[in-house]
Amino acid sequence: MLIYNSATRKKEEFAPIEEGKVRMYVCGPTVYDNIHIGNARTFISFDVIRRWLITSGFEVTFAQNLTDVDDKIINRANEQGRTAAEVAEEFSKKFINVMHAANVMDPDVRPRATKEIGPMIGMIKTLIEGGYAYAADNGDVYFAVRSDPAYGEVSGRKIDDLMVGARIAAGEAKRDPLDFALWKAAKPGEPSWKSPWGEGRPGWHTECAAMVHRYLGCPIDIHGGGSDLAFPHHENECAQATCAWHEGFANTWMHTGMLLVDGEKMSKSLGNFFTLEEVLEKHSAAALRLLMLQTHYRSPLDFSWERLAGAENSLARIAGTVKNLVWAAHHAEGAAAAELAASLGAAVDAAKAEFERQMNDDFNTAGALAAYFQLVTDANTYLDQAGSAVDADAATGAAASIAGAFKILGIEFPEPEEELPVGLLGVAGGLCAYTGDDVAEAAEQILTARAEARAAKNWDVADAIRDQLRDMGLVIEDTAAGSRIKHV
RNA sequence: GGCGACGUGGCCAAGUGGUAAGGCAGAGGCCUGCAAAGCCUUUACCCCCAGUUCGAAUCUGGGCGUCGCCUCCA
């Protein structure tokens, strides 16, 4: 399996530290507002990466933090006249809920910054003792960037290049403009904790480093996040961790490409964002995931509603094929055509092999999807050609293969055998004289009545049946293996 | 200004040396009583210029353009 390591800028053969096990960490959200779909892209990307590692046989431990203390949370709380803890709690819950809605797996560990203050203080103490950090008179503690000779290796920068434009903001007590806060002295009214340097709270970069160390142990196999976090966040995390513990921090750094709107990065500050919640009100999580996975995770992705609608169409076609395969398997009659079944089996094997090849090449989901789009076409062709002589095992196998592959991508289809509405009984009397209470039986008899009408060239009757069902949100689909009633 | 990424058909997109996957949209055809669904066909001088090579979308140099990071940011 090849994974692109953004620290070395090369694809590398992935070899976990501990045989068969992967420890990975992906920076979570600061819970001051609803997340937007740009944030979601990163979480969905790593969800798929994690699923593929699990599918490949690795025992994956996945940790993701919630940053529940931060300037933005405090600001939001002040705006709304609430406590920072209330704001953090609200948006923590909302984040977890919307991740579920997007079919993103829960992390194995979800630490919260405010519950990790002790370990963070311990880490800062170690850094000061080691000569890597210093406490300023104002109660802040800063990391001395120039004390770390490896600083810049994660994001590929040189300290001297960073000097231009670096400034010391008002109220800061840095010795060097590049130094960053490990601990921030509390201002009046802010949430704070006791420390050797007075009341204060941890800096953002400090949280992740301490949580990685505590819950996964250093070094970890994979550290991920959006590409906008590479510098300074990840660089700073790494500097702290390596200087505090001298054990290394992360073997592979993975960064996802930015989600764009009209060619510009989606962000809260630009105001050009759509929240994940609102997108999922209008479209399925499956379609959003499909849209995202049709682009490589490292490339920028320009979002548009048109593209999302296109993904919805693709998804409907795939879901339809899976349903039709299952249905055809259940309604197979007579001897199956062996040669056709064998070629379908070969198509399934080819899709699976290509899917694996693509996923093992730095999680090339776009290429992997193409393999299964091909199988969808092959399966549809099979259904056309086999007619009622469907090989139930071959059709079931193809359906399972398609559904299984998409499930690895977190894209799940509705249950194949959807219940038809009870309302069908209400019209059955008029359409086919059926008066029982079995919906499936009513559907059968309606189809029979239509078939008889068509055989008698009684088009008005046949079309009336179709029209009436359409008014109920149902459609009659005539396939090579026979007719059936489906939801639109 | 510094660092990095990218520029492939109407839209999106995979593809890092051997004559261009796939998706969406459009058009035509097959199937159908007519439809729907499905299938088939259909459009590429791979941003420009030069170079390396028997051969380049793929490598090198230059140009033009776009995006990201350098400040909070997934």
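Residue numbers start from 1 in every chain, and the chains themselves are labelled A, B, ... in the order their sequence lines are given, proteins ahead of strands. Computed from heavy atoms alone, side chains included, the values below leave out hydrogens, waters and symmetry copies.
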Under 4.0 Å between any heavy atoms, over every strand shown, what does [X] touch: base, sugar-phosphate, or nothing? Just pick one.
| X | answer |
| --- | --- |
| A:Thr295 | sugar-phosphate |
| A:Gly263 | sugar-phosphate |
| A:Arg298 | nothing |
| A:Thr377 | sugar-phosphate |
| A:Ser299 | sugar-phosphate |
| A:His255 | nothing |
| A:Leu301 | nothing |
| A:Gly257 | base |
| A:Arg157 | base |
| A:Asp302 | nothing |
| A:Lys486 | nothing |

Does [N] pair with anything, Watson-Crick or G-U wobble, both distances under 3.5 Å, and if so, with which nucleotide?
| N | answer |
| --- | --- |
| B:C46 | none |
| B:G68 | B:C3 |
| B:G55 | none |
| B:U16 | none |
| B:A27 | B:U41 |
| B:A21 | none |

Any N/O donor-acceptor pair, [X] side-chain to [N] base, under 3.5 Å:
| X | N | answer |
| --- | --- | --- |
| A:Arg470 | B:A36 | no |
| A:Asn313 | B:A25 | no |
| A:Asn324 | B:G38 | no |

Tell me yes or no: between the side chains of [X] and [Y], is some donor less than 3.5 Å from an acceptor?
| X | Y | value |
| --- | --- | --- |
| A:Thr275 | A:His36 | no |
| A:Arg357 | A:Asn364 | no |
| A:Asp478 | A:Ser483 | yes |

Do the side chains of A:Arg157 and A:Glu235 get close enough for a salt bridge, i.e. N-O under 4.0 angstrom?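 No, A:Arg157 and A:Glu235 are not salt-bridged.
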
Less than 4.0 angstrom from a charged side-chain N to a carboxylate O is my criterion; do A:Asp228 and A:Lys265 meet it?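 Judged by the 4.0 Å cut-off on N to carboxylate O distance, A:Asp228 and A:Lys265 do form a salt bridge.
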
Reckon [X] has a side-chain N or O less than 4.0 Å from the OP1 or OP2 of [N]?
| X | N | value |
| --- | --- | --- |
| A:Ser314 | B:G22 | no |
| A:Arg317 | B:C24 | yes |
| A:Asn364 | B:G15 | yes |
| A:Asn380 | B:G38 | no |
| A:Lys265 | B:A74 | no |

Taking the six-membered ring for Trp, are A:Trp305 and A:Phe274 ring centroids under 6.0 Å apart?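 Between A:Phe274 and A:Trp305, which both carry aromatic rings, the centre distance is below 6.0 Å.
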
Provide the distance between the two [atom1] atoms, one in [N] and one in [M], to the nearest whole Å.
| N | M | atom1 | answer |
| --- | --- | --- | --- |
| B:C6 | B:U58 | P | 13 Å |
| B:G18 | B:A57 | C1' | 13 Å |
| B:C24 | B:A14 | C1' | 15 Å |

Please assess A:Arg307 against A:Asp302 for the test salt bridge (Lys or Arg N to Asp or Glu O under 4.0 Å), listing each intermediate value before the final yes or no. CA-CA 9 Å; A:Arg307 291 186 61 186; A:Asp302 209 334; over 6 Å; no

Between [X] ([atom1]) and [N] ([atom2]), how many Å, whole number?
| X | N | atom1 | atom2 | result |
| --- | --- | --- | --- | --- |
| A:Met266 | B:C69 | CE | P | 14 Å |
| A:Asn236 | B:C70 | CG | C1' | 12 Å |
| A:Met472 | B:A36 | CE | P | 22 Å |

